Amino acid sequence: MSETTPASGAADTATAPFRYSAALAAEIESRWQDIWEKEGTFHAPNPAGDLADPAAADVAAKPHSFIMDMFPYPSGAGLHVGHPLGYIATDVFARYQRMNGYNVLHTLGYDSFGLPAEQYAVQTGTHPRVSTEANIANMRHQLRRLGLGHDPRRSIATIDPEYYRWTQWIFLQIFNSWYDEQAHRARPISELVAAFADGTREVPGGRDWAALSGAEREEVLGDYRLAYAKEVPVNWCPGLGTVLSNEEVTADGRSERGNFPVFKSNLRQWMMRITAYSDRLISDLDLLDWPEAIKLQQRNWIGRSEGARVDFAVGERKITVFTTRPDTLFGATYMVLAPEHDLVDTVVPAAWPEGTPEAWTGGAATPAEAVTAYRAAAAAKSDVERQVEAKVKTGVFTGAHAVNPVSGEPVPVFIADYVLMGYGTGAIMAVPAHDHRDFAFARAFELPMRCVVEPTDGRGEDPAGWDDAFDTYDSVIVNSAHTEGTEDGISLNGLGVVEAKAAVTTWLTARGIGEGTVNYRLRDWLFSRQRYWGEPFPIVYDEDGVMHALPESMLPVEVPQVDDYSPHTYDPFDSTSTPKTPLSRNEDWVNVELDLGDGVKTYCRETNTMPNWAGSCWYELRYIDPSNREQVVDPANEQYWLGPTEQKPGGGADLYVGGAEHAVLHLLYARFWHKVLHDLGHVSSVEPFHKLFNQGMITADVYRDERGFPVPAAEIEERDGQYFWQGEPVKREAGKMGKSLKNAVAPDEIADEYGADTLRLYEMSMGPLDVSRPWDTRAVVGSYRFLQRLWRNIVSETSGELVVTDEEPDEATLRALHKAVDGVRADMAGLRFNTAVAKAIELNNYLVKRGSTPRSVAEQVVLMVAPLAPHIAEELWRRLGHGDSLAHTDYPVADPAYVVDESVTCVVQIKGKVKARLEVAPSISDAELEALALADPAVVAAIGGAEVRKVIARAPKLVNIVTG
RNA sequence: GCCCCGAUAGCCCAAUCGGCAGCAGGCGAUGGUCUCAAACACCAUACAGUGUGGGUUCGAAUCCCACUCGGGGCACCA
């Protein structure tokens, strides 16, 4: 073997020809990967369908474990060592579960529609399918080297027509349903149509269903469907040439991908009525074993707030506001409408009321002019400008006054852009004394304030002298009474905030001018994109423009060939541009002759495509039944793998590992789809993912030259704590690993130098799985040395013969073994692989020191490390004389008798300082221990005749004596 | 501005319920064995008192309060 690597050592072949070298590791690893593949070692049988295994015993009776990684996007750049961290972790856990008798479903598919392939296609002319499939092949190859125990039969890709036919099918399910608020679930739209037709449900507007045209009916149903097309204000991103969902836009009004400006634009787009599920998406979080931080992010994103709707009369009309603080209604001294609010035009009078302050008019001669000018100015502002100017409140008086419903006092009505049209009713009652934003506005426009919540910080009840609003919940209401004692009178004075809210809400409800209500921050999900490389919608339009869903039999609607894949992008700042879809360029595809029941007619296809979240919204279901042509998933298989159990009341995959960056987007969308499918009876589970685990990132040092540009990290020289690149000093900092920072390390490099088992072990031992940690290539050798020592304890480096002995292990060795097994089991179950590795190393080091390894111990050690370093374990297992793969062999079980020590060291403290140590039995009682400690000569000497005030005994480890 | 998470040797990290801070583990450093020499491998040694300041307790890395630094989320959501 002439090929050597630095780690294997040039002379190894001479001095230690059978050492565990990189070359030997490579040979073992590729051999076992072939065996696993050939024997289908990781095939998980289903209870039913074509992945059922007739030879397997009753599968449904076997405990199952469905382990998932977040769907990867196969990048053209290839993997770096940060990518497989989670895949290795799930593989270790999956192998551990398999050795505990579970039927383990673990596979990996590819989320492969999306922007990068399209951009690459535009640059190179390569069809996205070609480049995407090449990337998938490359990633599969890279991952195969790591020895991941995936079931290859279940590895799907979202771009496969056989996959996306079901994505389109699910879209049709959602399109053909509505949300029944009474039943709290989705129902088929046909049931709504039937209710409209037979009169059990009134058609909105009181019309007769039978008399409506097809287009009119479709318009009515559009307000109910869970997927609907509508002209809505959307996030239009000219730089990307597409619209974006709210979740894809950053706080400063830019696209998450590409960082282009985003503009509000009214466009006809596809939406998903995710808001119908707001409450269930919040409450069902309680069923899940997820990190609290992620649950919190989802709750915040949905943003449920309880409050009240209150009507304010303006002449003959009324303005409805939403408030979370109806208790402060007496403090409402003015109102604000969003500039785009419909009622603005109708309330504006012809002239300014007498005595209108100059500052309120914006310098305009009439209210109508002022409103028009302010609206124009507000509309011209980008979100970024709005953000920056958020501190300075702007607005203009409409000339109208409304009546405060509790006090009867007139309050001026303003428009201002600090009130958002998209939240609540687009109108607020302003309570400047108790809201920071209203306070700032009131100060700018010299509006009156009234204190109605008693300040608890000694500032007094006159807001004139305040620096800011007082907004606590923890106080009582004051100055809030009107015509008390009369029939219509009300007083909130002296009530706590919570009681006052209830009291005023009851009062408003009784008079029909308000009611308790709940508002959400969450908006409906914008579901269409103007892209080429995505799932086409299974929707066509007839010559009257009426929408028709394609029947199931016409699926999949395949992505057509076009001359040019590029989206029509614009100057990123051109807010007046409008989207053009790539699919519309192929007229042969757009115009089709179909028979949808009324004979063959000409239709034209929907040319938007679905966002790339679509494919990842339901892939867990397809992993279960990847080749089912009849159903999205066989209920028997879904029930088995995902169905609710006592441990997971909502059902879902047993473990889902991935990055925290998907906290709201993917996880919220996937939960929503799953719930719709549940409501329609297609799945038994309520939630897709029961246990979620966020793995940390692998970071790496970034080196920057004088100009601040990253230089290749691999070429850095270190001298005396300084870093140099090509002789020039450079600065070091921590950063994300990746191509752009020139610090990526490929898993292949590490596997070449040490073997995949070493890489797996190192990644698992770097630290807890959920925290980010820096990559250190130099440290990898530690894991390699461990595997060498493990090998050497079992196989002779000089002869290649087994060196295990046939002796019976002594008690100390058994204790070391069983303690390690006990600890490693607990760590594996808790996904604490770093400490599991440490315990395995500790045991192995013990065996090195011992000088020889009894065969029975060697076997247990091999099984113990098998999930972490499966190739070397399989090889040693075979050399130890076993014919079969150890993948399904029972994991070692600790004997409790050997887990506890025969004696433990008890420390005796005097006032917290250690003064003596005692060897005692683990079962010793507190009293015995106390007596023993007080009798110890060293302790007696240390007390030195001082008074013993107190003795704390914590058997068997500690006694603390407090002297006076 | 608000919310969440974190801080232990030169570095990555351990430390069940508050109970001896490290023979959990690893990297690196130093010395040694092996070698003609080196690399590999092996053996041995040293290095912190837990970000800062207070508090609770017989006892605090662990609980509480304030602050500093780092990471993440939200941000005119009424």
Side-chain angles (χ1 to χ4, degrees), chain A residues 4 6-12 15-16 19 21 251-252 291-294 296-297 300-301 303 305 307 321-325 336 386-387 389-391 393 416-420 422-431 435-438 440-441 519-522 660-661 663-664 696-697 699 721 734 761-762 765-768 770-783 785-786 788-789 792 797 820 823 826-827 832 834-846 848-849 905-914 917 949-952 954 957-963:
Chain A
T4 53
S8 65
D12 274 8
T15 55
R19 172 172 292 176
S21 63
D252 51 355
E292 273 311 313
I294 301 292
L296 194 68
Q297 277 186 55
N300 290 343
W301 189 263
S305 45
V321 302
F322 171 73
T323 177
T324 55
R325 296 293 302 268
V336 185
R386 266 195 170 198
Q387 293 294 333
E389 295 166 13
K391 277 157 252 156
K393 294 282 180 289
D417 66 358
Y418 85 92
V419 172
L420 309 175
Y423 184 78
T425 61
I428 62 155
M429 63 176 215
V431 185
D435 180 281
H436 300 290
R437 298 150 301 184
D438 298 343
F441 189 86
N519 232 304
Y520 300 92
R521 202 188 86 111
L522 182 70
E661 67 273 18
V664 277
M697 227 183 359
T699 61
L761 212 50
Y762 175 65
S765 61
M766 288 169 78
D770 56 349
V771 293
S772 295
R773 55 302 250 319
W775 177 264
D776 182 5
T777 296
R778 289 182 310 178
V780 177
V781 70
S783 301
R785 287 179 190 146
F786 161 58
Q788 286 187 323
R789 290 195 298 274
R792 198 156 44 226
E797 288 189 340
D827 288 343
R832 295 184 300 269
N834 55 327
T835 48
V837 171
K839 286 172 180 124
I841 293 175
E842 189 184 6
L843 173 62
N844 193 57
N845 288 351
Y846 171 88
V848 169
K849 278 218 172 84
T905 306
C906 170
V907 287
V908 183
Q909 301 176 339
I910 295 182
K911 293 209 281 192
K913 299 244 166 23
V914 179
R917 289 165 212 276
R949 292 210 337 230
K950 195 172 179 184
V951 179
I952 297 120
R954 289 282 180 276
K957 291 179 77 177
L958 178 126
V959 177
N960 190 10
I961 297 162
V962 186
T963 54

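Small disclaimer: the values here were computed from a predicted structure and weren't measured.
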Closest to the A/V771 side chain: B/C58, B/G19, B/C13?
B/C13
When you measure from the side-chain N and O atoms of A/N300 to the phosphate of B/C3, is any distance below 4.0 Å, counting only OP1 and OP2?
no
Does a nitrogen or oxygen in the side chain of A/R778 sit under 4.0 Å from OP1 or OP2 of B/G26?
no
Rounded to whole Å, how long is the line connecting atom CZ of A/R832 with atom C1' of B/A15?
12 Å
Have a look at A/I841 and say if it touches a base, only the backbone sugar-phosphate, or nothing, with a 4.0 Å heavy-atom cut-off.
sugar-phosphate
Is B/G18 syn or anti, taking syn as a glycosidic angle within 90° of 0?
anti
Choosing from B/G73, B/A44, B/C40, which nucleotide comes nearest the side chain of A/Q297?
B/G73
Between A/D827 and A/T835, do the side chains contain a donor N or O and an acceptor N or O under 3.5 Å apart?
yes
What interatomic distance, in whole Å, is found between P of B/A75 and the corresponding atom of B/C3?
16 Å
Among B/A41, B/C13, B/A78, the nucleotide that comes nearest once only the side chain of A/N834 is considered:
B/C13
Can you measure A/N844 atom CG to B/A24 atom P for me and round it to whole angstrom units?
17 Å
Could you report the tightest heavy-atom contact between A/P768 and A/N834, atom names first, then the distance?
N-ND2, 3.4 Å
RNA chain B: 5'-proximal contact among A/D435 and A/A293 (nearest heavy atom):
A/A293
Could you check which of B/C3, B/G25, B/C13 has an atom nearest any side-chain atom of A/L296?
B/C3
Looking only at the side chain of A/T835 (C-beta and beyond, no hydrogens), which of the listed nucleotides B/A24, B/A78, B/A44 gets closest?
B/A24
Pairing nucleotide - B/A60, Watson-Crick or G-U, each distance under 3.5 Å
none
N/O (side chain, A/R785) to phosphate O (OP1/OP2, B/G25) under 4.0 Å:
no
How close or far is atom C1' of B/C11 from atom CE of A/M766, stated in whole angstroms?
12 Å
Interatomic distance, A/Y520 OH vs B/A78 P [rounded to whole Å]:
13 Å
Distance between C1' atoms of B/A21 and B/C67 (Å, rounded)
25 Å
Any donor-acceptor pair under 3.5 Å from A/R521 side chain to A/W301 backbone:
yes
When you compare B/C47 with B/C27, how far apart are their C1' atoms, in angstrom units rounded to a whole number?
14 Å
With both distances kept under 3.5 Å, what pairs with B/C74, Watson-Crick or G-U wobble?
B/G1
Any idea which of B/G25, B/A78, B/C58 is nearest the A/L420 side chain?
B/A78
Using a heavy-atom cut-off of 4.0 Å across all strands, would you classify A/V781 as base, sugar-phosphate, or nothing?
sugar-phosphate
Side-chain contact check for A/N960: nearest option of B/C43, B/C4, B/C58 is B/C58
B/A9 versus B/C4 - spacing of their C1' atoms, nearest Å
29 Å
For A/I952 and B/G18, give me the distance from atom CD1 to atom P, rounded to whole Å.
16 Å
Measure distances between side-chain N and O atoms of A/K957 and base N and O atoms of B/C20, and say whether any donor-acceptor pair falls under 3.5 Å.
no
B/C20 to B/U62 separation - P atoms, rounded to the nearest Å:
13 Å
Work out how far the C1' atom of B/U52 is from that of B/U68, and round it to whole angstrom.
7 Å
Return the 5'-most residue of the pair A/R792, A/D438 with respect to RNA chain B, ranking by each residue's nearest nucleotide.
A/R792
Is A/Q909 touching bases, backbone alone, or none of the nucleic acid, heavy atoms closer than 4.0 Å?
base
Taking any strand in view, what nucleotide pairs with B/C40 in a Watson-Crick or G-U wobble way, both distances under 3.5 Å?
none
Between P on B/G59 and CD1 on A/I961, what's the gap in Å once rounded to a whole number?
15 Å
Mind checking the C1' distance from B/U16 to B/C11? Whole angstroms is fine.
27 Å
Base of B/C12 relative to its sugar, syn (within 90° of 0) or anti?
anti
Establish, yes or no, whether a centroid distance under 6.0 Å links the rings of A/Y762 and A/W775.
yes
Starting at CE of A/M429, measure out to CG of A/D435 and round the result to the nearest 0.5 Å.
9.5 Å
Determine: side-chain N/O of A/R789 to OP1/OP2 of B/C42, distance under 4.0 Å, yes or no.
yes
Which nucleotide in B/C27, B/C12, B/C74 has an atom nearest any side-chain atom of A/R773
B/C12
Determine the Euclidean distance between corresponding P atoms of B/A61 and B/A46; express it in Å to zero decimal places.
24 Å
What is the ring orientation for A/Y423 with A/F322, classed by angle as parallel under 30°, tilted 30 to 60°, or perpendicular over 60°?
perpendicular
Does OP1 or OP2 of B/A78 have a side-chain N or O of A/S305 closer than 4.0 Å?
yes
Tell me the interatomic distance from A/N845, atom CG, to B/C23, atom C1', rounded to whole angstroms.
10 Å
B/C34 - base-pair partner by Watson-Crick or wobble geometry, distances under 3.5 Å:
none
If you compare all heavy atoms of A/A430 against all heavy atoms of A/D438, which two are closest, and at what distance to 0.1 Å?
CA-OD2, 3.3 Å
Are the side chain of A/N960 and the backbone of A/I952 linked by a donor-acceptor contact shorter than 3.5 Å?
no
Counting only Watson-Crick or G-U wobble pairs whose two distances fall under 3.5 Å, which nucleotide matches B/G18?
none
Does B/A24 have OP1 or OP2 sitting under 4.0 Å from an N or O in the side chain of A/K839?
no
Check this one for me: any side-chain N or O of A/R521 less than 4.0 Å away from OP1 or OP2 of B/C76?
no
At under 4.0 Å between heavy atoms, what does A/N519 touch on the DNA or RNA strands: base, sugar-phosphate, or nothing?
nothing
Students often get this wrong, so: under 4.0 angstrom with heavy atoms, is A/A838 touching a base, only sugar-phosphate, or nothing?
base
Can you tell me how far CZ of A/R773 sits from CE of A/M766, rounded to the nearest 0.5 angstrom?
5.5 Å
With respect to the side chain of A/E842, which nucleotide from B/G28, B/G25, B/C58 is positioned closest?
B/G25
Does the structure show a Watson-Crick or G-U wobble partner for B/G6, both distances under 3.5 Å? Name it, or say none.
B/C69
Among B/C76, B/C20, B/C58, which nucleotide has an atom closest to any side-chain atom of A/D417?
B/C76
Any cation-pi pair here, A/K393 with A/Y418, using under 6.0 Å and within 45°?
yes
Would you kindly give the CZ-to-P distance between A/R954 and B/G18, to the nearest whole Å?
11 Å
